[in-house]
Amino acid sequence: MTTEETVSKPSNFIRDIIDEDLKSGKYTKIITRFPPEPNGYLHVGHAKSICLNYGIARDYNGEFHLRFDDTNPTKEEQEYIDSIKEDLKWLGCEWGEHEYYASNYFQQLYDWAVLMIEKGLAYVDDQTADEIRDTRGTLTEPGKNSPFRDRSIEENLDLFKRMKSGEFKNGEKVLRAKIDMASPNINMRDPVLYRILHEAHPRTGNAWCIYPMYDFTHGQSDAIEKITHSICTLEFQDHRPLYDWFIKVLPVPAEPHQYEFARLNLTYTVMSKRKLLRLVKDNKVNGWDDPRMPTISGMRRRGYPPEALHDFCERIGVAKANSTVDFSLLESSIRDNLNLHAPRFMGVIKPIKAVIENYPVGQHEYFDADNNPEDPNAGTRKVKFTREIYIDADDFMENPPKKYFRLSPGAEVRLKHAYYITCKEVIKDAQGNITELRCEYDPQSRGGSSPDGRRVKGTIQWVSAEDGVKAEIRLYDHLFTVENPDKVEDGKDFTDNINPDSLQVVTDAIVEPALAELEPGTTAQFIRLGYFCKDKDSKPDKPVFNRTISLKDGWAKTLAKS
RNA sequence: UGGGGUGUAGCCAAGUGGUAAGGCACCUGCCUUUGGAGCAGGCAUUCCGUAGGUUCGAAUCCUCCCACCCCAGCCA
């Protein structure tokens, strides 16, 4: 019998194209690129593109370039450049020496623009932005030629040079390609190549006051870097003819090709930089790295492992159909990864004190607790057991329903790693709130099983009242209450769908002391509760944890069904 | 009434003329010192957007139609 070890490598239509290009000898080396505009933070949609581009370069022994598409200084900032690089590194991308900026090519692009003029393929237009818009035509009607379209080459050359030298104000003139104002593809109706922007650029400072447009920049930058497969999202499909036109008309050093795939949409969130920026600017969240944000930095702070994001990007596939992925698919990748790798600890979010009446006052002992049942190499740690402990309020019910096998009066439950205990008495305050549980333990059940072999179904976590540490816990839920936040009635917008309960802060949780020692950024499992990531806001005496994701709750499901 | 795309299960997604992969979700059991995890099974009655056609045979080829997405920035 033979078992075929098929390591599932991602397959998609782009890789199919690359396979063919390699097979036909069109290329011998594949070069891809990730081309962010530094005008915001990266989000999980970018992660999809990164995994696609970087994954291809890696799997085909090719080359991966990071290229900032920094052609619009009115929106771009160094802070964004820095954050993008940090996020890419965290995702495990290595671009080595291949860090590029479209702004590196400004001079070459300018020279090519001059060449376009010389070939009669570009002209300086004096029309205002409004006039250009009004003469562009509509989806069904052709546009009208600009009255400046037939200027002489000499005049165009002169004007363009004067645009560059700063003689004109913003908006006074633009350089346009001379293609076809009647083209059914609006992108071909004499697109603007250069606009005047008296604005300092994060990289080039005040060296330029004219900046190339995306269409005049992207393909040529690809060609300069000898990118073989320029992969972008669907909305650029209409730009491909223009992309190809520049490549054909200009003496570029290579002939790259553009391929488009569908961008990622996720339920319960928004995925446009514009909207994410708004959430940040309007203080709907606490910054770009708020753990509720779908940004890479938000997910990092939330405690999502980068490997889980890779796994997710692999699972969703790459295709051309618009789609919205269930958030639960992302959660599945997160849980799968964390289950295997996250160390386990005990903590209680809503502590109730339980006193083990028959456990001697002043006595204590240590139990060995496995750090990760999924990973024998994770080892064990000591947890301290004492007469007074805390358990979670959710693990006790005075009047439990059927099949509830946690603690209740007279019921027996197993304390994880320790003993069986039985609740003997419930102490309440004047208002009737439970303040303390009086319990008894079975000394025979040390380690969590008894010689008589009796079955105790329920196992709960606990923390010693002697060495438990107080902690702040931030419980997160979806940022929006509906699957598609953009679907709103007239007069409303996506912010009307913000979930008012997306963040709940618990300040008096109690956790094992070992958790206070964890490095910020570490994600651990709190047994039976979920995964929690130590936040950078932690203080030595007051650790702070972000709930990354809860554990699946089978009990909640059976409750819901009954 | 222009151009460019896309329609396979609740959500993603393979499939490229030979009789509908896989994952998520969901449902059943089993197991369990996390009601987690794991294991076993179920989950598109040949309706693969719809209607025709070609073919021994069609999700795959052809034709009509329908639905949805993108494009009229001196944004990317």
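Chain letters run A, B, ... following the sequence lines, proteins first and then strands; every chain starts at 1.
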*Please walk me through it: do A:Arg67 and A:Glu225 pass salt bridge (charged side-chain N to carboxylate O under 4.0 Å, His left out)?*
CA-CA 10 Å; A:Arg67 182 174 74 239; A:Glu225 294 177 19; 3.2 Å; yes
Could you tell me whether [X] contacts a base, only the sugar-phosphate backbone, or nothing, with contacts defined as non-hydrogen atoms closer than 4.0 Å?
{"X": "A:Thr324", "value": "sugar-phosphate"}
{"X": "A:Arg136", "value": "sugar-phosphate"}
{"X": "A:Asn72", "value": "sugar-phosphate"}
{"X": "A:Arg133", "value": "sugar-phosphate"}

*asked:* Does the plane of the ring in A:Phe480 sit parallel, tilted or perpendicular to the ring in A:Phe494? Use 30° and 60° as the thresholds.
replied: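 Rings of A:Phe480 and A:Phe494: tilted, as their planes differ by 30° to 60°.
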*asked:* Give me the distance, rounded to whole Å, that separates B:G18 from B:C64 when you measure between the C1' atoms they each carry.
replied: 27 Å
_Less than 6.0 angstrom separating the ring centers of A:Tyr214 and A:His218, yes or no?_
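Ring-ring flag for A:Tyr214/A:His218: true, centres closer than 6.0 Å.
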Side-chain donor/acceptor pairs under 3.5 Å, residues 335-342 of chain A, sequence neighbours excluded:
residue, atom, partner, partner atom, Å
A:Arg335, NE, A:Ser550, O, 2.9
A:Arg335, NH2, A:Ser550, O, 3.1
A:Asp336, OD2, A:Arg315, NH2, 2.7

*Just how far, in rounded Å, is P of B:G73 from CZ of A:Arg176?*
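The answer, rounded to whole Å, is 12 Å.
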_Base orientation of B:G17, syn vs anti, 90° cut from 0_ = anti
*Protein-to-nucleotide contact annotation, 5' to 3' order, nucleotides 20-27 of chain B [B base; S sugar-phosphate only; - none; under 4.0 Å, heavy atom]*: ---SSSSS
_Taking the minimum atom-to-atom distance to the side chain of A:Ala321, which one of B:G7, B:C74, B:G35 wins?_
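The nucleotide sitting nearest to the side chain is B:G7.
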